[in-house]
There are 2 protein chains.
Amino acid sequence: MAQTDTVTRILDTAEVLFAERGFAETSLRTITSKARVNLAAVNYHFGSKKALIQAVFARYLDPFTVRFHHALDELEAQHAGGVIPLEVLLETMARTVLDVPAERHSLKVFMKLLGLAYSQAQGHLRRYIQEEYGSVFSRFTELVRLATPDLPDSERFWRLHFVLGTVIFTLSGLDALRDIAEKDYQEHVTVRDLIRRLRPVVVAAMNAPLPPPPMPKAEAS
Amino acid sequence: MAQTDTVTRILDTAEVLFAERGFAETSLRTITSKARVNLAAVNYHFGSKKALIQAVFARYLDPFTVRFHHALDELEAQHAGGVIPLEVLLETMARTVLDVPAERHSLKVFMKLLGLAYSQAQGHLRRYIQEEYGSVFSRFTELVRLATPDLPDSERFWRLHFVLGTVIFTLSGLDALRDIAEKDYQEHVTVRDLIRRLRPVVVAAMNAPLPPPPMPKAEAS
DNA sequence: TCCCGCTGGAAACGAGTGTTTAAAACATTA
DNA sequence: TAATGTTTTAAACACTCGTTTCCAGCGGGA
């Protein structure tokens with residue numbers, strides 16, 4: 001009990017501080033003092049700051065991957081043999097992303113962390129996520145491939161990252177944007193509200209007409 | 001000549017290091033040693049590290065804003081009195097963004113910096129950019145408003161940030177994505193190539209059907 | 001009772017940070 | 001040439017950082 005308490009208190013404190021300020025800008029002393037835990041506890045329980053960062057992600061991504069795999073299992077069973085429509089796939093992913101952090105505090109923290117993982121250099125984090133959780137994403141993209149047979153492979157690859165960028169960028173920068181939106185339009189925006197607005201945009205983006213073929217340079221390449 | 005040389009050498013070195021590793025992860029000693037300049041030169045010429053970061057941005061954003069204002073002036077003159085089509089507005093913005101860093105090294109650095117500015121906490125940077133360059137963006141959004149009269153104001157606000165997220169996210173993470181894309185699809189992707197793919201997606205996203213009205217909660221709010 | 005493997009706590013370590021200082025070198029003008 | 005203002009230099013300052021060390025307290029097994 002005592003051990004668990006210290007570990008989770010570190011994780012709880014670290015994840016919100018990381019989300020607010022970034023990894024390099026958050027010192028272990030800030031974390032441990034705000035968590036009312038000894039400074040050495042981080043290195044004792046996690047080994048290093050890098051390992052702590054990865055543990056913070058694992059606490060979100062591990063439940064996410066098992067839930068997402070289960071959800072895809074059900075989907076494949078329902079549409080046995082046939083293709084799963086794109087809207088259903090996107091909807092399932094959105095629901096899973098929403099469900100995981102709902103148990104804990106906030107989706108906001110999770111999204112901000114994802115945004116940081118992509119933008120902060122932090123090479124080790126990117127590698128860790130890629131190696132540890134790349135398989136779920138591969139399974140998902142394969143299902144998307146079946147759902148959009150008319151899209152060239154490379155085009156689908158890029159469009160998936162386009163919409164990934166939209167979602168992560170918007171949801172991770174939500175606080176700042178919400179301030180502007182509330183001031184200008186007097187409406188309070190929730191995360192679920194944003195997802196509602198995101199849905200038709202994402203679908204339209206995936207189904208957009210193909211771009212014109214690249215114009216070859218006049219000179220030699 | 002000597003002063004200019006030192007200042008620009010610092011800026012040239014700093015911008016690529018910042019883009020590669022982030023702001024907090026790049027020390028002044030790394031910058032000055034790689035630029036073969038004395039450590040104190042940064043504080044002498046710029047005053048502080050924060051000021052250096054802002055100067056790096058100003059060197060891109062200052063030319064961008066004057067070019068963009070000029071481009072919008074021409075557009076308004078051509079469509080005197082009438083509305084400028086959305087595609088033309090987006091096209092003009094894309095062209096301006098492409099033109100500015102073309103003179104120097106790379107659009108890649110500029111995009112990566114923009115991505116960092118949004119994701120890294122670095123509150124001072126966000127404020128600086130907002131206060132210094134917010135007016136061009138306001139002018140642009142007003143023109144977009146005229147071009148999309150059927151879109152509710154708040155919906156247009158969010159969609160603009162959706163596509164902003166797509167562009168910045170994709171172009172700032174280009175290197176990592178390009179590695180995957182080249183391995184999987186054996187095609188080398190240039191920035192101009194990405195913009196070509198981005199165009200129809202962005203247009204489709206802006207023109208997507210409106211989302212269903214928010215479902216009021218069953219219970220009281 | 002002694003011993004043992006864990007966990008918590010205070011202090012220190014060494015490295016690295018941004019910034020400042022004061023003197024030297026340079027360039028410019030009188 | 002001499003004096004002036006500007007730029008460069010090396011050294012130090014005052015921290016903060018992640019990590020390590022060493023010891024006190026705790027539990028249960030022999």
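Just so it is clear: chains get the letters A, B, ... in the order the sequence lines come, proteins before strands, and each one is counted from 1. Just so it is clear, the model here is predicted, and its values are computed rather than measured.
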Please name all residues satisfying side chain to side chain contact (heavy atoms under 4.5 Å, CB included) with [X], sequence neighbours left out, ordered by chain then number.
{"X": "B:Val88", "answer": "B:Leu75, B:Ile84, B:Pro85, B:Thr92"}
{"X": "B:Thr65", "answer": "B:Tyr133, B:Val136"}
{"X": "B:Ala40", "answer": "B:Asn38"}
{"X": "A:Ala41", "answer": "A:Thr6, A:Ile10, A:Val37, A:His45"}

Taking atom P of D:dT8 as reference, at what distance in whole Å does atom CZ of B:Arg36 sit?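 Checked: the CZ to P distance equals 14 Å.
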How many whole angstroms separate atom CZ of A:Phe46 from atom P of C:dG8?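 About 11 Å, once rounded to whole Å.
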To the nearest 10°, let me know how far the axis at one end of the helix from C:dG5-D:dC26 to C:dA30-D:dT1 is tilted from the axis at the other, five pairs an end.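 Terminal axis comparison yields 10°.
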Salt bridge (Lys or Arg N to Asp or Glu O under 4.0 Å) with A:Glu132: which residues, sequence neighbours excluded?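 With neighbours one apart ignored, the set is empty.
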Does B:Glu91 have any salt bridge (Lys or Arg N to Asp or Glu O under 4.0 Å) partners at least two apart in sequence or in another chain, and if so, which?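 For B:Glu91, the residues satisfying salt bridge (Lys or Arg N to Asp or Glu O under 4.0 Å) (neighbours in sequence not counted) are B:Arg199.
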Spell out protein contact along nucleotides 14-20 of chain D as letters: B when the base is contacted, S when just the sugar-phosphate is, - when no protein heavy atom is under 4.0 Å; keep the 5' to 3' order. ---BBBB
Could you tell me whether A:Arg196 and A:Asp193 make a salt bridge, using a distance below 4.0 angstrom between a side-chain N and a carboxylate O?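 A salt bridge links A:Arg196 with A:Asp193.
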Applying salt bridge (Lys or Arg N to Asp or Glu O under 4.0 Å) as the test, list every pair that has at least one member in residues 33-42 of chain B; sequence neighbours left out.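 Pairs touching residues 33-42 of chain B that pass the test: none.
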Do any side-chain nitrogens or oxygens of A:His45 fall under 4.0 Å of OP1 or OP2 in C:dG8?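 Yes, within the criterion.
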